Amino acid sequence: MQRLLFPPLKTLLGSQSVRLLVPRAAPRTQCGCSCGIRRPLRSGQYSTVSEVALQSGRETASLPSKAADRVVGQWLLVCSGMVAGAVILGGVTRLTESGLSMVDWHLIKEMKPPTSQEEWETEFQKYQQFPEFKILNHNMTLAEFKFIWYMEYSHRMWGRTVGLAYILPAAYFWRKGWLNRGMKGRVLALCALVCFQGLLGWYMVKSGLEEKPDSHDIPRVSQYRLAAHLGSALVLYCASLWTSLSLLLPQHKLPETRQLLWLRRFAHGTAGLVFLTALSGAFVAGLDAGLVYNSFPKMGESWIPQDLFTFSPILKNVFENPTMVQFDHRVLGITSVTAITALYFLSRRIPLPRRTKMAAVTLLALAYMQAGLGISTLLMYVPTPLAATHQSGSLALLSGALWLMNELRRVPK
């Protein structure tokens, strides 16, 4: 920032505007000594070049260059990829039932894992005091505990790395003056959201560590908190990716026709539907709903199972009944694929740039790939590698939807 506001001295001295502003030396008065005395400067005159630079800096706002925008865009693209990695790693942690292995949360202290046998035994004894060990893992050995502990540890450390990847470059770019006013607000929001993610993750884990004397169910985190944790991560991912694409990809000047307007609205609605489908997957994971009705397209022997509305009140089934949760996820997934297919054929009726057509084709291919992964995961009783790939597919599908939306965005007048 200092370089932008205070250019090199030679450059300033060579500028015509500076030569006009810098006053000439006042004539020396004749006196009996060999030295001369300058006349005092009048109001509005400048005595040094730095004062000229200061005055001109107040009147001219420095704007980020295209090169700076490109660097910021690449940074946010890397950050979005790291968030995607955190989501996938979190999904694997959930699938391996490792999320409740670390029963404490310390921002700095827990960064150092146990090293000695005594430290590992102390950590294992902490875990033994909580419901998951007492009900589910009471025969677990120390070696087995180390595996699930390292899974959760990796997820937490990756989350801290993501936080640093946002905050440290943001402070650097801010100081360098590479962020305009609007971008500063976005970057602050992204940094705040990544910090909120860490707190929300611990709030989610706490729900699985609570004693529930009246419940004989397998200890697990609250599906509501899991959905909130995943949802905020998806928002962070989408916001980072959207901003990076807006900075890196040149915008098309598309003719504002009625067909294009409808296509743009339909693309926004489809992206929202894809987001909602991905979010509903958190309830499926939180309730282990993928382990019921492992058949497709029917659920068991019927299209609509009889135990959809076993809970009271009825609305409770949507979020707490595993059968209803899986049914909702199926319906949302099929609806998303149908909407993306319709969006693709609608885009073929409009003359679009080649890159936009590629985005539409990519989104269609990702949709059918994701549907195939979801069905395979269900039929094979949710194997961890396949389920993790299915979760990765949801992020890829979101990326395709955001890419197409970005291609169709309106050019500001």
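Position 1 is the first residue of the sequence, and the numbers go up from there. None of the values given here were measured: they were computed from a predicted structure. Just so you know, these numbers use all the heavy atoms, side chains as well, and skip hydrogens, waters and symmetry mates.
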*Any donor-acceptor pair under 3.5 Å linking the side chain of Gln251 with the backbone of Arg410?*
yes
*With rounding to the nearest 0.5 Å, note down the distance linking CG in Asn317 to CZ in Phe319.*
11.0 Å
*Before giving the answer on side chain to side chain contact (heavy atoms under 4.5 Å, CB included), spell out for Arg186 and Leu179 the whole-Å C-alpha distance, their side-chain angles and the decisive distance to 0.1 Å.*
CA-CA 10 Å; Arg186 290 191 185 188; Leu179 305 175; over 6 Å; no
*Do Thr362 and Trp403 have side-chain heavy atoms sitting under 4.5 Å apart?*
yes
*Can a donor-acceptor pair be found between the side chains of Tyr224 and Ser207 at a distance below 3.5 Å?*
no
*Do the ring planes of Trp149 and Tyr153 sit parallel (below 30°), tilted (30 to 60°) or perpendicular (above 60°)?*
parallel
*Is any side-chain heavy atom of Leu168 less than 4.5 Å from a side-chain heavy atom of Tyr172?*
no
*Apply the side-chain contact (heavy atoms from CB on, under 4.5 Å) test between Leu248 and each candidate in Leu77, Thr243, Asn406; give the one that qualifies.*
Leu77
*Is the backbone of Gly300 close enough, under 3.5 Å, to the side chain of Ser295 for a donor and an acceptor to pair up by distance?*
yes
*Per the side-chain hydrogen bond (donor to acceptor under 3.5 Å, both in side chains) rule, which among His252, Lys357, Arg264 passes with Glu407?*
His252
*Ile375 CD1 to Leu378 CG distance, which is reported to the nearest 0.5 Å*: 8.5 Å
*Exam field: side chain Arg220 to backbone Glu97, donor-acceptor pair closer than 3.5 Å*: no
*asked:* Measuring only between side-chain heavy atoms, which start at C-beta, is Met204 closer than 4.5 Å to Ser222?
replied: no
*asked:* Looking at Arg348, I'd like to know if its CZ atom is crowded, meaning that more than 12 non-hydrogen atoms belonging to other residues, nucleotides or ligands lie closer than 6.0 Å.
replied: no
*Give a yes or no answer on whether the side chain of Arg160 reaches the backbone of Gly198 with a donor-acceptor pair at less than 3.5 Å.*
no
*Counting only N and O atoms by type, is there a donor-acceptor contact under 3.5 Å from the side chain of Trp75 to the main-chain atoms of Ala170?*
no
_Distance-minimising heavy-atom pair for Ala339 and Leu273_ = CB-CD2, 4.1 Å
*Distance from Gln74 atom CD to Leu76 atom CG, nearest 0.5 Å?*
10.5 Å
*Identify the two heavy atoms, one from Leu95 and one from Ala387, that lie closest to each other, and give their separation to 0.1 Å.*
CD1-CB, 3.6 Å
*Taking Arg355 for the side chain and Leu249 for the main chain, is one N or O donor matched with an acceptor at less than 3.5 Å?*
no
*Does Tyr203 have Arg225 sitting over its ring (NZ/CZ under 6.0 Å from centre, angle to axis within 45°)?*
yes
*Are Glu210 and Lys206 ion-paired here, with the side-chain N under 4.0 Å from a carboxylate O?*
no
*Got a donor-acceptor contact below 3.5 angstrom from the Gln370 side chain to the Leu366 backbone?*
no
*Under the side chain to side chain contact (heavy atoms under 4.5 Å, CB included) criterion, do Ile218 and Ile135 qualify, and how do the steps go?*
CA-CA 7 Å; Ile218 296 174; Ile135 299 174; 5.8 Å; no
*Hey, could you give me the CG/CD1 distance between Leu254 and Ile350, rounded to the nearest 0.5 Å?*
9.5 Å
*Does some side-chain heavy atom of Thr96 sit less than 4.5 Å from a side-chain heavy atom of Ile148?*
no
*Look at the aromatic rings of Phe124 and Phe133 and report parallel, tilted or perpendicular, splitting at 30° and 60°.*
perpendicular
*asked:* Please identify which of these residues, Val337, Ile340, Leu343, meets the side-chain contact (heavy atoms from CB on, under 4.5 Å) condition with Leu364.
replied: Ile340
*With a 4.5 Å heavy-atom cut-off, do Leu397 and Leu363 have their side chains touching?*
yes
*Find out whether the Lys NZ or Arg CZ of Arg70 is both under 6.0 angstrom from the six-membered ring centre of Trp178 and within 45° of the ring's axis.*
no
*When you look at CD1 of Ile314, are more than 12 heavy atoms from neighbouring residues, nucleotides or ligands closer to it than 6.0 Å?*
no
*asked:* Assess, by modelled atom type and distance only, whether the side chains of Asp307 and Thr323 contain a donor and an acceptor separated by less than 3.5 Å.
replied: yes
*Do Trp174 and Leu188 come within less than 4.5 Å of each other through their side chains, counting heavy atoms only?*
yes
*What heavy-atom pair brings Gln223 and Gly286 nearest, and what distance separates the two atoms?*
CB-CA, 4.2 Å
*Where is the tightest heavy-atom contact between Ala289 and Gln326, given as atom of each residue plus distance?*
O-NE2, 2.7 Å
*Between Trp120 and Tyr150, is the ring centre distance below 6.0 Å?*
yes
*Search all heavy atoms of Phe327 against all heavy atoms of Trp303 and return the closest pair with its distance.*
CE1-O, 4.1 Å
*Can you list the steps and then say if Glu123 with Phe145 is a side chain to side chain contact (heavy atoms under 4.5 Å, CB included)?*
CA-CA 9 Å; Glu123 195 71 25; Phe145 170 72; 4.0 Å; yes
*Distance (rounded to the nearest 0.5 Å) between Leu247 CG and Lys66 NZ*: 13.0 Å
*Locate the shortest heavy-atom distance separating Val318 from Met324; write the atom from each residue and the value.*
CA-CG, 3.7 Å
*Given side chains that start at C-beta, do those of Phe283 and Asp328 come closer than 4.5 Å, heavy atoms only?*
no
*Could you grab the distance from atom OG1 of Thr270 to atom CE of Met405, nearest 0.5 Å is fine?*
10.0 Å
*asked:* For the backbone of Leu241 and the side chain of Ser244, can you confirm whether one donor and one acceptor N or O come within less than 3.5 Å of each other?
replied: yes
*Counting only heavy atoms not in Leu199, do more than 12 fall under 6.0 Å of its CG?*
yes
*Mind checking whether Arg156 and Val205 have side chains closer than 4.5 Å, heavy atoms only?*
yes
*Step by step, work out the side chain to side chain contact (heavy atoms under 4.5 Å, CB included) result for Phe309 and Asn321.*
CA-CA 8 Å; Phe309 301 102; Asn321 184 349; over 6 Å; no
